[in-house]
Amino acid sequence: MRHDSRQTDQLRPIKVERRYTKATPGSILISAGDTVVLCTASLDNSVPPWKKNDENPSGWVTAEYNMLPGSTSPRKQRRADGRSSEIQRLIGRSLRAVVDFEALGPRTITVDCDVLQADGGTRTLSITGGFLALLDTVLAIPETCELAEGEVFDPKKVFTNSVAAVSVGVVEGEPVLDLDYVEDSTAGVDMNVVMTGGGDFVEVQGTAEGLVFNRGMLDAQLELATLGIKQLTAIQRECIGGDWPL
């Protein structure tokens, strides 16, 4: 039993609120325990400069990540730092892994992940919620975007799979799923796992914070992550309901 009474293979309570704001077609407020992230996705009917020279420019997906000053105590300064840059690159890579840019067409979608309250797992929750915001934006393209002459846009063809992420680690010698800050700050191993809804790995980031760990402990953590991703994918599907395109 963990300090918050969870089992080793149990996620924190996950809550998702769809269409949380009105300014963007994709807007998701997602929480895992006391970690809360607002994910919004904005559509731009153009492509990055390095894609404009292509004969038939395909689309692009990028991401930005930030922790608001009041998301932690003491206050986090309102400025870019190396950690935020590294995390937003991870989010962007993870989302792009399941997007068909040819099917998206000459459009850019920017997913913004703003941490409102941090208690561990902000990057993984940003990926899980960011995918939902991205999905809602793509679903809205036929109604909100002027299509090119002769263009037939099918949102179902844009995504090759879904994507979600979760943290795992070793706390007091035991592999556990979805670490909060108390566990993360004392973990002997800290790992973030990004996977598709189909069960394939997108990225694994794992570090021994104290003693080294063996292959058996690595496999145990990956098994927990796989279990967690299955649960998160089910939550994503339930949030989108009948609009789920996969």
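Note that the numbering runs from 1 along the sequence shown for the chain. Basis for what follows: all heavy atoms, side chains included, without hydrogens, waters or symmetry-related copies.
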Mind listing the closest non-hydrogen atom pair of [X] and [Y] along with its distance?
{"X": "A41", "Y": "T137", "answer": "CB-OG1, 3.1 Å"}
{"X": "V98", "Y": "T196", "answer": "CG1-CG2, 4.1 Å"}
{"X": "T35", "Y": "L125", "answer": "O-CD2, 3.6 Å"}
{"X": "G169", "Y": "L179", "answer": "N-CD1, 3.4 Å"}
{"X": "G26", "Y": "D136", "answer": "CA-CB, 3.9 Å"}
{"X": "E183", "Y": "D178", "answer": "OE1-O, 4.1 Å"}

Legend entry - Steps toward side chain to side chain contact (heavy atoms under 4.5 Å, CB included) verdict (M191, Q205): CA-CA 5 Å; M191 187 175 297; Q205 299 179 334; 5.9 Å; no

I need the [X] [atom1] to [Y] [atom2] distance, nearest 0.5 Å.
{"X": "R19", "Y": "C239", "atom1": "CZ", "atom2": "SG", "value": "8.5 Å"}
{"X": "S167", "Y": "D184", "atom1": "OG", "atom2": "CG", "value": "7.0 Å"}
{"X": "C39", "Y": "I127", "atom1": "SG", "atom2": "CD1", "value": "10.0 Å"}
{"X": "S42", "Y": "D112", "atom1": "OG", "atom2": "CG", "value": "6.0 Å"}
{"X": "L43", "Y": "I141", "atom1": "CG", "atom2": "CD1", "value": "5.0 Å"}
{"X": "S162", "Y": "L232", "atom1": "OG", "atom2": "CG", "value": "10.0 Å"}

Legend entry - Residue pairs involving residues 124-135 (criterion side-chain hydrogen bond (donor to acceptor under 3.5 Å, both in side chains); sequence neighbours excluded):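 Those involving residues 124-135 do not exist here.
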
Inset, instruction - Output every pair passing side-chain hydrogen bond (donor to acceptor under 3.5 Å, both in side chains) with a member in residues 23-33, not counting sequence neighbours, ordered by first then second residue. - result: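 Listed by first then second residue: T21-S27.
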
Inset, instruction - In plain terms, say whether E86 and R123 are close enough for a salt bridge, that is, a side-chain N and a carboxylate O under 4.0 Å apart. - result: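 Here E86 pairs with R123 in a salt bridge, since their nearest N and O are under 4.0 Å apart.
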
Legend entry - Short N-O contact, D243 and R18, less than 4.0 angstrom: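 A salt bridge is present here (some side-chain N lies under 4.0 Å from a carboxylate O).
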
Heavy atoms, side chains only, cut-off 4.5 Å: are [X] and [Y] in contact?
{"X": "K15", "Y": "I30", "answer": "no"}
{"X": "P106", "Y": "N45", "answer": "no"}
{"X": "L29", "Y": "V36", "answer": "yes"}

Is there a path of hydrophobic side-chain contacts, each under 4.5 Å between heavy atoms of I, L, V, M, F, W or Y residues, that connects [X] with [Y]?
{"X": "V171", "Y": "V166", "answer": "no"}
{"X": "Y181", "Y": "L177", "answer": "no"}
{"X": "I109", "Y": "L246", "answer": "yes"}
{"X": "L224", "Y": "V202", "answer": "yes"}
{"X": "V193", "Y": "V189", "answer": "yes"}

Identify, with sequence neighbours excluded, every residue that meets side chain to side chain donor-acceptor pair (under 3.5 Å) alongside [X].
{"X": "D119", "answer": "none"}
{"X": "D34", "answer": "none"}
{"X": "S46", "answer": "D44"}
{"X": "Q77", "answer": "R79"}

Inset, instruction - Would you mind telling me which of L95, L132, T40, I28 makes a side-chain contact (heavy atoms from CB on, under 4.5 Å) with V111? - result: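 Running side-chain contact (heavy atoms from CB on, under 4.5 Å) over L95, L132, T40, I28 with V111 returns exactly one hit, L95.
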
Under 3.5 Å, sequence neighbours excluded: what are the donor-acceptor pairs made by side chains of residues 206-218?
unit_1: N214; atom_1: OD1; unit_2: G216; atom_2: N; d: 3.2
unit_1: N214; atom_1: OD1; unit_2: M217; atom_2: N; d: 2.8
unit_1: R215; atom_1: NE; unit_2: D219; atom_2: OD1; d: 3.2

Inset, instruction - Let me see the working for V158 and F101 under side chain to side chain contact (heavy atoms under 4.5 Å, CB included), right down to the final yes or no. - result: CA-CA 7 Å; V158 174; F101 297 120; over 6 Å; no

Inset, instruction - Could you identify which residues cluster with L227, counting Ile, Leu, Val, Met, Phe, Trp and Tyr as linked when any side-chain heavy atoms lie under 4.5 Å apart, either directly or through a chain of such contacts? - result: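 Taking Ile, Leu, Val, Met, Phe, Trp and Tyr as members, L227 stands alone, with no cluster partners.
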
Inset, instruction - Please write out which residues are connected to V47 in a hydrophobic cluster, directly or through intermediates, given that two of Ile, Leu, Val, Met, Phe, Trp, Tyr count as joined at side-chain heavy-atom separations below 4.5 angstrom. - result: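 Besides V47, the cluster holds no residue at all.
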
Inset, instruction - Take L90 and V194 through the test side chain to side chain contact (heavy atoms under 4.5 Å, CB included) and record every step on the way to the result. - result: CA-CA 9 Å; L90 168 66; V194 186; 4.3 Å; yes

Inset, instruction - Look at atom CZ of F153 and say whether more than 12 heavy atoms of other residues, nucleotides or ligands are closer to it than 6.0 Å. - result: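 Yes, because the 6.0 Å sphere around CZ of F153 holds more than 12 heavy atoms from other groups.
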
Legend entry - More than 12 heavy atoms from other groups under 6.0 Å of CD on E223: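 Open: at most 12 neighbouring heavy atoms sit under 6.0 Å from CD of E223.
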
Legend entry - L104 backbone acceptor or donor facing R107 side chain under 3.5 Å: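 Side chain of R107 to backbone of L104: a pair is present.
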
Legend entry - Heavy-atom donor-acceptor pair, Q10 side chain to Q7 backbone, under 3.5 Å: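 Yes, the answer is positive, given that a donor and an acceptor are paired below the 3.5 Å cut-off.
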
List the atom pairs, donor and acceptor, that lie under 3.5 Å between side-chain atoms in residues 58-68 and the rest of the protein, sequence neighbours left out.
unit_1: S58; atom_1: OG; unit_2: K51; atom_2: NZ; d: 2.7
unit_1: Y65; atom_1: OH; unit_2: R83; atom_2: NH1; d: 3.3
unit_1: Y65; atom_1: OH; unit_2: T122; atom_2: OG1; d: 2.7

Inset, instruction - I would like to know whether V176 and R2 meet side chain to side chain contact (heavy atoms under 4.5 Å, CB included); could you show each step before the answer? - result: CA-CA 9 Å; V176 296; R2 298 153 75 175; 3.8 Å; yes

Inset, instruction - Quick one: list whatever passes ring pair (Phe, Tyr, Trp, His ring centres under 6.0 Å) with F159, sequence neighbours left out. - result: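 Ring pair (Phe, Tyr, Trp, His ring centres under 6.0 Å) list for F159, sorted by chain: F131.
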
Inset, instruction - Could you note down all residue pairs passing ring pair (Phe, Tyr, Trp, His ring centres under 6.0 Å) where residues 11-40 supplies at least one of them, sequence neighbours left out? - result: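 Found none.
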
Legend entry - Flag for E238-Q236: side-chain donor and acceptor within less than 3.5 Å: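 E238 and Q236 do not have a side-chain donor-acceptor pair below 3.5 Å.
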
